Every structure is written in structure tokens, then in C-alpha cells.
Amino acid sequence: MTPEQKKFAKGYRFNNFEGQPEAKISQLDIPSKVTIPLKQGFGDEVAPIVEIGQTVEAGQIIGRDDESISSPVHSSINGEVVAIEKIDYLGEETTVITIESNGNDGLQTLPGASVNWQDMPADTIDELVYLSGAASSGTSGIPTTFNSASIMPNEVENVIVQGVASQIHNISLEVLLKGDILSHFTAGLKILKKLMPKARFHMALDESQNRTISKALQLMSPVKTINVFTVPRKYPLHRDEVLIPLLLGQKIPHGYLAANIGAIVLDIPAILAVYDAVTEGIPLIEKTIALCGPGFRENTHVKARIGTCLEDILKKRTKPGKDIRLVKNSCLTGNTLTDMSLPISRTFNSIIALTEGTEREFLSFVRPGVNKDSFSRVFLSSLFEGLSPRIKKGCDTNLHGEVRPCIACGFCEDVCPVNLIPHLLFHQVQNDVIDELLINYKIFDCIDCNLCTYVCTSKIPLAKYIKDGREKLADEGLTCPEPDFPLKGVKP
Amino acid sequence: MKLVSSLIGKLHNVRALNKMKPLIDAMDAGILGPEDLTEGRPHLVDNVDIKRYMSMVILALVPATLASILFYRWDAIRLIAISYIVGGTVEVIFAIIRKHDIHEGFLITGLIFPLVLPPSTPSWIVAVGVVFGTMFGKEMFGGTGRNIFNPALVGRLFITIAFPATMTTNWKMPFAAADAVTVATPLSAFKTEGITASFTDLLIGNTAGSMGETCRIVIILGGIFLILTKVSNWRVPVCYISTVFLFALIGNHFLPERIAPPVFQVFAGGLLFGAFFMATDPVTSPFTRTGKYIFGISCGILTVLIRSFSGYVEGVMFSIVIMNAFNPLIDQIVLMFKYRPAKA
């Protein structure tokens with residue numbers, strides 16, 4: 001079985017940036033205190049089912065709501081609940097439960113789990129996936145009969161496993177799937193197949209991950225029902241709105257999830273979480289996080305309990321004396337992490353430490369630019385592209401120029417993954433022409449990938465203007481027309 | 001470097017220079033490098049900026065500039081210096097009045113303009129042209145990014161019409177002495193006597209013509225360099241030049257006295273310079289892809305028509321300026337078709 005190669009003309013390939021995580025992983029100590037957000041990953045916030053002062057075990061469910069679209073949340077350590085409060089968690093008001101450890105390192109597993117999952121009835125799998133919290137993975141959740149996604153398991157037509165490395169820094173597939181974990185992965189897929197029997201399975205892998213691909217294909221060969229695709233290493237192919245049209249030829253209407261057209265997109269950690277839950281009864285209380293970017297002493301991976309505060313993860317790992325900006329998951333769309341007392345949640349894949357670009361570069365615009373990334377080919381770096389992977393491109397947060405009027409160079413249109421003309425929308429919004437014309441120019445197709453802002457020669461925050469434009473349209477009561485074909489499930 | 005940085009720091013504090021703020025800011029940013037940071041989402045951005053982008057055009061023009069200095073010595077240096085000094089002053093004055101930063105676009109206009117002039121143009125005419133071009137070609141429309149016409153061409157067009165005798169008959173051969181007799185350009189030689197210059201002479205620049213336009217080989221190299229760096233788009237020059245070639249091929253077959261043969265048409269006059277360096281200006285050419293094709297093809301047709309059937313020998317300048325005027329319309333029509341509302 002050879003994978004089908006998919007080509008993607010738009011988007012942008014981020015090559016050879018410094019600070020890629022090495023294929024090494026270390027286990028963090030169990031923290032003395034954890035803060036567990038009650039909304040993690042896909043789904044609504046759940047209600048706490050423990051009280052202050054109550055003793056909890058690692059793996060015990062502390063928040064659960066079977067009525068709303070949500071998944072349970074677990075304590076990640078053994079100890080005592082010391083606080084239940086609302087905090088501002090990365091821009092959203094979220095209830096969090098704080099637990100102080102009693103030093104015990106045991107773990108409560110889910111009842112009914114077994115390595116003989118082949119003999120397990122589908123509703124046991126269904127319950128284990130839900131109770132473990134694995135169902136909150138992915139962009140639409142994993143459907144179970146407990147309302148963990150906006151559709152039911154039998155409504156799923158396509159499951160896409162996403163192993164695309166399209167970001168500037170990517171978690172290493174080698175670490176995620178090393179050794180016999182690869183076999184867990186294939187077993188996890190078969191378990192999901194049992195849960196969603198009507199679904200066709202697809203896997204999109206990064207074209208550069210040859211070794212992983214060939215190994216995966218060997219293991220996959222008994223599973224005849226999976227289509228393997230290789231996709232280019234282009235941003236933002238990890239996004240459902242781009243990946244699903246590329247693989248399935250279906251479009252996700254604006255304001256809806258992939259689930260509403262019957263597709264579920266899951267990353268590799270999600271499949272492994274399903275395997276752990278069903279075979280060993282381990283709930284999702286741990287996460288592998290890549291430490292990327294030049295701000296770290298060493299770029300590796302760590303395995304940390306959910307709820308561990310950033311300070312515990314980062315201490316002694318970032319370079320001292322340097323002005324560093326910490327970013328969650330993506331240099332293009334990620335939140336800035338400023339409060340080191342905040343915990344990590346299930347949604348963390350990587351923490352990126354960028355050097356703040358406060359150091360000015362003398363006569364910057366005439367430098368050869370061997371390690372400067374650019375969509376255009378105005379730096380020497382474009383000559384070395386591919387020739388010398390040893391030359392790493394720098395990542396600092398300098399704007400690398402001054403804001404200027406748009407000169408219509410067209411770079412934003414060249415990269416836009418959803419075929420918009422960003423500078424056209426920008427001019428309309430800047431001149432405050434908020435009318436149907438913007439909808440006509442497909443402003444609602446924008447997926448906020450921020451790539452147009454990245455490539456802009458004039459340093460204009462195009463994506464921000466487009467977002468503002470959508471908000472202003474909504475203020476005027478102009479919305480995106482509803483799709484004219486039937487959709488599944490509930491509107492998010 | 002520390003010295004420069006402290007010097008510029010001091011300039012910022014001199015109260016008497018407050019009015020010159022745009023100039024000092026431009027020096028500050030240009031010499032010491034950019035200091036702003038990204039606001040986040042995206043946290044990282046591309047290293048390209050307008051300064052780098054525009055410097056690439058200057059770099060691509062360096063060979064043509066050197067050729068013109070080699071051919072016409074002090075005349076070339078004089079023209080370029082006047083254009084930069086006078087035009088730069090106008091740009092700075094507008095930046096001060098408007099209280100905005102000095103925009104880098106002038107670096108290109110200030111170099112392109114003298115390169116499309118006859119080498120013996122009097123200094124004061126150069127000054128008039130560059131002032132007119134910058135003011136009426138760019139600043140009147142609101143500055144960089146909003147101009148409809150290519151500023152260098154507006155200046156060139158103005159002095160061509162205002163001083164026709166100086167601007168259309170005053171040609172010299174390369175390496176000619178200051179008091180040498182004027183000669184005809186290849187295009188006018190064809191128009192009056194039906195002679196076509198040799199291909200090699202045209203390629204290396206051994207013909208009379210505007211300073212920077214004659215040495216075609218370096219213009220082609222510069223143009224290809226710009227296309228490879230993605231600074232200019234291939235669509236306009238490729239469509240422009242191939243249309244001229246095709247039109248001349250067919251035209252020459254039927255009207256050999258009026259329409260010059262295709263290879264001569266492509267290499268004579270300012271076509272290559274215009275197609276690679278002026279028609280490609282992103283601000284004054286359509287931004288839609290289809291629009292770029294239409295723009296290039298129309299420029300090509302107009303150029304051959306003007307060269308063959310009008311009182312003027314050269315049509316590149318007129319055709320680009322005429323098509324500049326149509327560029328918003330072309331884009332609007334293309335967008336209308338591209339984003340046609342779905343039929344109910």
C-alpha cells in the first residue's frame with residue numbers, strides 16, 4: 001500500500017527554523033499542587049462534583065456534566081481539594097479546582113478496561129472513551145453516546161487522523177510514536193473503528209516523516225479500511241478547514257465544525273489517549289509537550305501531569321537573562337503565556353519560547369540574510385533552502401520593518417489557504433466600507449490562520465483587519481448566509 | 001555603531017529639528033534597524049519589509065545605472081544626482097507637512113526617472129520633471145500606495161509634452177563628446193528612413209536613446225532578477241513583451257513600412273525597461289491575476305499602435321500611463337466576475 005500524495009498550492013512552508021524539539025522526552029516529577037481547569041479541549045465547561053476539603057485520587061473524576069456537550073475532567077494527583085474558583089484562563093473565564101498533593105503517586109484506573117478490547121462490546125468502549133476524557137480531543141471531540149461531541153458516533157462518516165507538521169515548530173512524531181507505541185496507535189485506530197463503525201478512516205501524514213510513514217504502513221496493512229495520504233509540510237494544513245477540503249473535497253460552512261459535515265479530525269495523541277483508556281483504563285491526566293524555540297536551553301519534550309503550572313515546567317529550562325516571549329502551541333495563532341502560575345491543560349501540545357526582538361540590527365535592510373526567513377526571495381537564505389538544513393532561521397519577535405501603506409505586492413493572496421484577497425478586504429475595512437460586498441468577497445471564509453499578516457511586506461496586520469471586519473458586519477446584523485445543504489448534529 | 005546610535009539619539013533631542021522629525025526617524029529606522037515588536041498572533045513575521053523590497057529594485061537597476069554612467073559619464077551622474085536631491089526634498093517636505101514617515105518608494109522613482117531621460121537633458125528640466133512627477137504623480141493622490149500613475153512616467157510625460165524639442169530630438173550616441181551632433185534613435189530612424197538597427201547594437205546599447213534604456217542585456221538580467229526574487233510579477237512583462245512581438249509579427253507582414261519587425265520592436269526603444277521596471281509597479285498595475293494579463297496585453301497593443309501610427313516615435317511611456325488609468329477599472333471588472341453572487 002503506497003500513500004496517496006496530496007499537493008497544496010497555497011499556504012506556506014516553514015523550513016529550518018531554530019529551536020525544533022529533539023526526539024527526546026523526559027518525565028516530570030509529580031507536582032505538589034495542580035490547578036485543573038473545568039473546561040479542557042472540546043466541549044463546554046463541566047460542573048465540579050467535589051467540594052473543598054475533599055480527598056481525591058489521581059484519575060478520579062472531579063467535574064462532569066452528562067447533559068451538556070462536554071467530557072469529564074479528572075484530578076491528576078492524589079491529594080486534597082483546596083480551592084474551587086473562577087480565574088481568567090488564557091482569555092476565558094474558567095472555573096478551576098486546585099488540589100494539593102499528599103505525596104502519594106498511585107493512580108485510579110477506569111473499571112472495565114482490558115487489553116482484550118477485541119471482545120469488548122461497543123458500548124463499553126463508548127463509556128471508557130467518555131469517562132477517560134479522551135473524548136475531548138480534537139477539534140470536534142470524539143463522539144460518544146454521552147454527548148461528548150455535537151454528533152453521535154453512528155453519524156460519523158469520516159475520521160481523519162492528522163499527523164501534519166505544518167507549524168514553525170512541531171511536536172516530534174518520532175517521540176509520540178516511538179517503540180511499541182506505534183502499535184498502540186494502530187490498535188487505537190481499530191478501537192475507534194469499533195466505536196464509529198460507519199466511518200471511513202483516513203490518515204494525513206507529513207511527507208517528510210518517511211520513516212514513520214513506512215512503519216505505520218507496515219502495521220496498517222491488516223487495516224484495509226484506512227486511506228493514507230501524505231501532505232506537504234505547509235501551514236496551515238493542520239486546520240480542518242483546509243485539510244478536509246484537500247482530502248475529502250468537502251467544505252466546512254462558516255460557523256460550523258467538521259463534525260457538522262460528519263467528519264472528525266483527531267491528532268496522534270488523541271488516538272493514543274483512546275488506546276490508554278480502553279486497554280489500561282488510564283484517564284487523560286498527562287500530556288506530552290514539546291519545548292520549542294531559541295529561548296529554551298534544550299529543545300526537548302516533557303511529559304507532565306495536567307494542571308502542572310507553567311513555572312514548574314519551565315523552571316531551569318529557559319535561558320536565563322534573556323527577554324523571552326512564551327507562546328502556546330503556535331507562533332502564528334497561539335496565546336502569549338504571561339502568568340507563570342497558570343496550569344497546562346489537555347489542549348497544550350507545545351510551549352514555544354521566542355527571543356523578544358528588542359535588539360536592533362544595524363543596517364538591517366542591506367544584510368545578506370542567510371538565516372532570515374521570507375516568502376519572497378530577497379534574502380540569501382532562499383538560495384540555501386534545502387541545500388543546507390544546518391543553517392537555521394532565526395525566530396525573534398521583531399517586526400523587521402516599519403508599517404507602510406499597502407503596495408498590493410500580492411504576497412498575501414499568493415499564500416492565502418482559502419483563496420481570499422486579504423489586501424482587498426483590508427482596504428474595505430480600513431476605509432470603513434462595511435457592507436454586503438465584504439461577504440461577497442468571502443470574508444467569512446477566513447480561518448484566522450494569520451499567514452497574510454506573516455508575509456505582509458508593509459507589515460500590516462491584515463488578519464486583524466479581516467477579523468475586525470467580520471465583527472463590524474455582525475454589529476450591523478449582516479451574517480454569513482447559512483449553507484444550503486443539510487448538516488448533522490447541533491450548531492456549535 | 002554606538003557612535004551613530006548616540007548621534008541619532010542626540011538629533012531626536014534637538015528642539016530646533018522637531019520639524020525634521022520624519023527625516024530623523026527615517027535615518028533612525030534605516031540605519032539602526034527596526035525596533036517595533038509583533039503584537040502577537042502572529043508572534044513571528046516574515047523578514048521582508050518595504051526597505052528590503054525596494055532595495056531589490058535598486059539592486060536590479062544597478063547594472064543599467066552603471067552602463068549609463070559608462071556611456072554618458074558626467075551627464076548620467078548629473079541627471080541622477082539632480083533627480084535624487086530635488087525629488088528627495090519634495091518627498092521630505094510632503095512627509096513633514098503630512099506628518100508621516102518618509103516612504104521608501106521615492107528611492108525607485110528617483111532612479112528610474114533619470115534613466116528614462118535623454119542624456120543631454122538640461123538640469124532644470126530634470127528638476128521640473130521630478131518635482132511634477134512626485135507631486136502630481138504621487139502626492140496629490142495621497143502618497144505611496146494610492147497613486148494611480150507611475151510617478152516617474154508622469155514626470156517624463158510632462159516634460160516630453162512641455163519641452164518637445166529638447167526631449168524628442170536631443171539624442172546622443174554612447175561615448176559621444178559633449179558637443180557631438182545629435183543623432184536619431186533606432187525607432188525614429190525606422191520611422192523616417194525605414195532602417196532597423198542591428199540586434200547586437202541594440203543588445204549591448206550601441207545606439208542612441210534614453211540613458212538607462214539602451215543597454216538591453218543588463219535590463220533583461222535585472223528584470224529576471226526581480227521576477228526570481230518575487231519582487232515583480234512575471235505576468236505583466238511576459239504578456240507585454242510577447243504581445244508586442246506577436247502584434248509586430250502579424251503587423252509587419254501586412255504593413256512592413258509602418259510596423260517594424262518583431263525582434264527590432266522588442267529590443268528597440270524603452271520597451272524592455274518599461275516592461276520590466278515600470279509596468280510591473282504593483283501599485284499602478286492591477287492586483288488581480290487576470291487583470292495583470294489584460295494590463296500587459298493592452299500595453300503591448302497600445303505600444304505598437306502608438307509607435308506605428310502616431311506622431312510620436314516611442315509608445316511605451318504613453319501606453320503604460322494610459323493603462324495605469326484603466327487599472328482600477330480592470331480590477332473592478334475582474335472582481336465582478338470572480339465574485340459574482342450566486343444565482344438564486
Side-chain angles (χ1 to χ4, degrees), chain A residues 168 325 327 331-336 352 354 356-358 360-366 369 372-379 381-382 395-411 413-414 421 423-424 440-442 448 450-451 453-459 461 463-464, chain B residues 1-2 4-5 25-26 28-56 59 100-101 103-105 142-146 228-233 281-289 292 331 335-336 338-342:
Chain A
I168 294 181
R325 186 188 297 187
V327 180
C331 289
L332 272 89
T333 56
N335 288 76
T336 319
I352 305 146
L354 301 168
E356 286 284 12
T358 41
R360 299 179 70 180
E361 197 184 30
F362 189 61
L363 286 179
S364 172
F365 72 105
V366 288
K372 290 183 173 185
D373 181 67
S374 179
F375 168 75
S376 63
R377 296 201 200 92
V378 300
F379 295 103
S381 61
S382 53
C395 335
D396 65 62
T397 61
N398 197 293
L399 197 57
H400 307 302
E402 289 79 39
V403 177
R404 289 284 181 262
C406 172
I407 55 161
C409 65
F411 289 175
E413 187 189 350
D414 289 345
I421 306 179
H423 66 93
L424 178 68
N440 214 355
Y441 288 158
K442 310 250 193 264
D448 292 316
N450 295 342
L451 198 53
T453 309
Y454 181 89
V455 298
C456 182
T457 316
S458 292
K459 306 295 171 193
K464 215 169 123 198
Chain B
M1 188 194 151
K2 266 198 183 143
V4 185
S5 137
D25 283 349
D28 188 328
I31 298 170
L32 299 181
E35 65 175 339
D36 298 337
L37 299 181
T38 56
E39 281 173 22
R41 303 182 188 200
H43 299 276
L44 289 184
V45 290
D46 200 294
N47 280 279
V48 73
D49 68 340
I50 291 287
K51 280 192 189 65
R52 183 78 184 187
Y53 188 86
M54 301 284 187
S55 348
M56 286 296 130
L59 196 61
H100 65 53
D101 290 353
H103 294 156
E104 292 79 3
T144 311
R146 299 176 184 216
L228 288 180
T229 53
K230 294 195 193 172
V231 169
S232 68
N233 194 296
D281 172 13
V283 178
T284 57
S285 60
F287 59 80
T288 52
R289 283 172 195 184
K292 283 188 164 75
D331 273 339
L335 288 177
M336 223 171 67
K338 184 172 169 161
Y339 293 112
R340 231 179 332 198

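Source: prediction; values computed, not measured. Below, chain A is the first sequence line, B the second, and so on; all start at residue 1. Side chains are part of it too, since the values below use all heavy atoms of this structure and drop only hydrogens, waters and symmetry mates.
Taking CG from Asp36(B) and OG1 from Thr397(A), the interatomic distance works out to 11.0 Å, rounded to the nearest 0.5 Å. Going from atom CZ of Phe379(A) over to atom OG1 of Thr229(B) covers 11.5 Å, rounded to the nearest 0.5 Å. Atoms OG and CD1, from Ser458(A) and Ile50(B) in turn, are 3.5 Å apart once rounded to the nearest 0.5 Å. Taken to the nearest 0.5 Å, the CD1 atom of Ile407(A) stands 11.0 Å off from the OG1 atom of Thr284(B).
Cys409(A) has its side chain within reach of Tyr53(B): a pair of non-hydrogen atoms, C-beta onward, lies under 4.5 Å apart. For the pair Lys338(B)/Ile421(A), a side-chain contact is recorded, criterion being any heavy-atom separation below 4.5 Å from C-beta on. Two residues are said to be in side-chain contact when any heavy atoms from C-beta on lie closer than 4.5 Å; Phe365(A) and Met54(B) fail this criterion. By the 4.5 Å heavy-atom criterion applied to side chains, Pro34(B) and Leu399(A) are not counted as neighbours.
The salt bridge (Lys or Arg N to Asp or Glu O under 4.0 Å) pairs that include a residue from residues 37-48 of chain B are Lys464(A)-Glu39(B), where partners are two or more places apart or lie in different chains.
For Cys406(A), the part lying under 4.5 angstrom from a heavy atom of chain B is the backbone only. Contacts of Asp28(B) with chain A are made by both backbone and side-chain atoms, with heavy-atom separations under 4.5 Å. With a 4.5 angstrom heavy-atom cutoff, Ile168(A) touches chain B only via side-chain atoms. In this structure, the portions of Thr358(A) lying under 4.5 Å from any heavy atom of chain B include both its backbone and its side chain. Interface remark: Val378(A) contributes backbone and side-chain atoms alike to the contact with chain B (heavy atom separation under 4.5 Å). Heavy atoms closer than 4.5 Å to chain B are found in the side chain of Leu424(A), but not in its backbone. Contact annotation for Lys459(A): only side-chain heavy atoms (C-beta onward) come within less than 4.5 Å of a heavy atom of chain B.
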- Check the pair Asn440(A), Met336(B) against side chain to side chain contact (heavy atoms under 4.5 Å, CB included), reporting the backbone distance first and the verdict last. CA-CA 10 Å; Asn440(A) 214 355; Met336(B) 223 171 67; over 6 Å; no
- Message: Quick one, Arg404(A) with Asp49(B), criterion salt bridge (Lys or Arg N to Asp or Glu O under 4.0 Å). Give me CA distance, side-chain angles, the key distance, then yes/no.
- Response: CA-CA 9 Å; Arg404(A) 289 284 181 262; Asp49(B) 68 340; over 6 Å; no
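For the residue pair Thr38(B) / Arg325(A), a side-chain donor-acceptor distance below 3.5 Å is found, with atom types taken as modelled.
The two atoms that bring Arg52(B) and Val366(A) nearest to each other are NH1-C, 3.5 Å, heavy atoms only. Ala29(B) approaches Glu402(A) most closely through the heavy-atom pair CB-OE2, 3.2 Å. In plain terms, the two heavy atoms of Gly33(B) and Ser364(A) that are nearest each other are CA-CB, 4.2 Å. In this structure, Val48(B) and Ser374(A) approach most closely via the heavy-atom pair CB-OG, 3.6 Å. Nearest heavy atom pair, residue Phe287(B) against residue Glu413(A), reads O-OE1, 3.8 Å.
Among Thr333(A), Thr336(A), Asp373(A), the residue making the largest number of heavy-atom pairs under 4.5 Å with chain B is Asp373(A). Per-residue heavy-atom pair counts under 4.5 Å with chain A were compared for Val4(B), Leu228(B), Asn233(B), Val231(B), and the maximum is reached by Leu228(B). Annotation: maximal heavy-atom pairing with chain B below 4.5 Å, among Arg360(A), His423(A), Glu356(A), occurs at Arg360(A). For the options Arg146(B), His100(B), Met56(B), heavy-atom pairs under 4.5 Å to chain A are most numerous at Met56(B).
Residues that satisfy the side-chain contact (heavy atoms from CB on, under 4.5 Å) test with Asp396(A), not counting sequence neighbours, are Thr355(A), Asn398(A), His400(A).
Side-chain N or O atoms of His43(B) include one that pairs as donor or acceptor with a backbone N or O of Gly334(A) at under 3.5 Å.
Taking the centre and axis of the six-membered ring of Phe375(A), the NZ or CZ atom of Lys230(B) falls inside the cone set by 45° and 6.0 Å.
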